[in-house]
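Written below as structure tokens is the structure these notes are about.
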Amino acid sequence: MPKQAMENLTESMFYVLMALRRGDACGAEITAYAAQVSGGAVRLGPATLYTLLARFEKEGFLTDAGTVGCKRYYRLTAAGKAAYEGERARLQRCLDDAARAEITAPASLTKGDARDETARQGSRLPSGSLPVL
């Protein structure tokens with residue numbers, strides 16, 4: 001079954017919604033928040049930010065909260081909050097799965113299988129020697 005357009009959010013999308021969870025914000029505030037919370041890892045350029053804001057508005061994830069001077073403010077809707085919470089839960093499941101996999105992974109996944117071991121041994125053979133299969 002094909003994915004729906006907004007089923008999984010990109011990192012930038014997630015941080016935009018995260019910023020708006022705190023309350024109404026303009027583009028500059030959203031950008032600053034994303035950079036601060038991510039330790040500088042998420043940098044939203046104007047083209048990315050305003051493309052996402054327009055897309056979110058079209059999807060009903062946010063609405064216009066008014067203008068102060070030349071700054072337009074955005075407000076998260078119930079659909080936007082649900083999208084954020086759904087993505088947060090999906091990411092948490094991924095982290096939980098990864099933690100469980102580190103604890104319970106079968107030996108064949110953590111140590112490699114016999115073919116991998118043969119390949120590793122083959123790389124240690126003197127030149128001109130062939131591995132025994």
Hey, could you give me the [atom1]/[atom2] distance between [X] and [Y], rounded to the nearest 0.5 Å?
X   : Y   : atom1 : atom2 : result
T51 : R55 : OG1   : CZ    : 10.0 Å
E29 : Q36 : CD    : CD    : 12.0 Å
T31 : R43 : OG1   : CZ    : 12.0 Å
I30 : Y50 : CD1   : OH    : 7.5 Å
E87 : T10 : CD    : OG1   : 8.5 Å

Just wondering, do [Y] and [X] contact through their side chains at under 4.5 Å, heavy atoms?
X   : Y   : result
V42 : V37 : no
Y73 : V68 : yes
R75 : L62 : no

Residue pair [X] / [Y]: nearest heavy atoms and the distance that separates them:
X   : Y   : result
L52 : M13 : CD2-CG, 3.5 Å
G80 : L17 : O-CD1, 4.1 Å
A79 : G60 : CB-O, 3.6 Å

Using atom types as modelled and distance alone, determine if a side-chain donor or acceptor of [X] lies under 3.5 Å from a backbone N or O of [Y].
X   : Y   : result
T48 : L44 : no
E85 : A82 : no
T77 : F61 : yes

Margin query: Run the ring pair (Phe, Tyr, Trp, His ring centres under 6.0 Å) test against F14 and tell me which residues pass, sequence neighbours left out.
Written below: Y84
Note to self: Between the side chains of R72 and E57, is the shortest nitrogen-to-carboxylate-oxygen separation below 4.0 Å, so that they form an ion pair?
What the structure shows: yes
Margin query: Check R93 with D96, please: is the shortest side-chain N to carboxylate O separation under 4.0 Å?
Written below: no
Next item on the list: Assess whether atom CZ of R21 is packed by more than 12 heavy atoms of other residues, nucleotides or ligands within 6.0 Å.
Entry: yes
Checklist line | hydrophobic_cluster_shared for L91 and Y15, side chain cutoff 4.5 Å | finding: yes
Item checked: Qualifying ring-ring contact (aromatic ring centres under 6.0 Å, His included) pairs with a residue from residues 22-47, counting only residues at least two apart or across chains -> none
Note to self: Show, in sequence, the C-alpha distance, side-chain angles and deciding distance for D24 and Y74, and conclude whether the side chain to side chain contact (heavy atoms under 4.5 Å, CB included) test is met.
What the structure shows: CA-CA 5 Å; D24 298 353; Y74 301 88; over 6 Å; no
Notebook entry, point to check: Could you go step by step and tell me if L9 and V16 meet the side chain to side chain contact (heavy atoms under 4.5 Å, CB included) rule?
Noted result: CA-CA 10 Å; L9 303 177; V16 168; over 6 Å; no
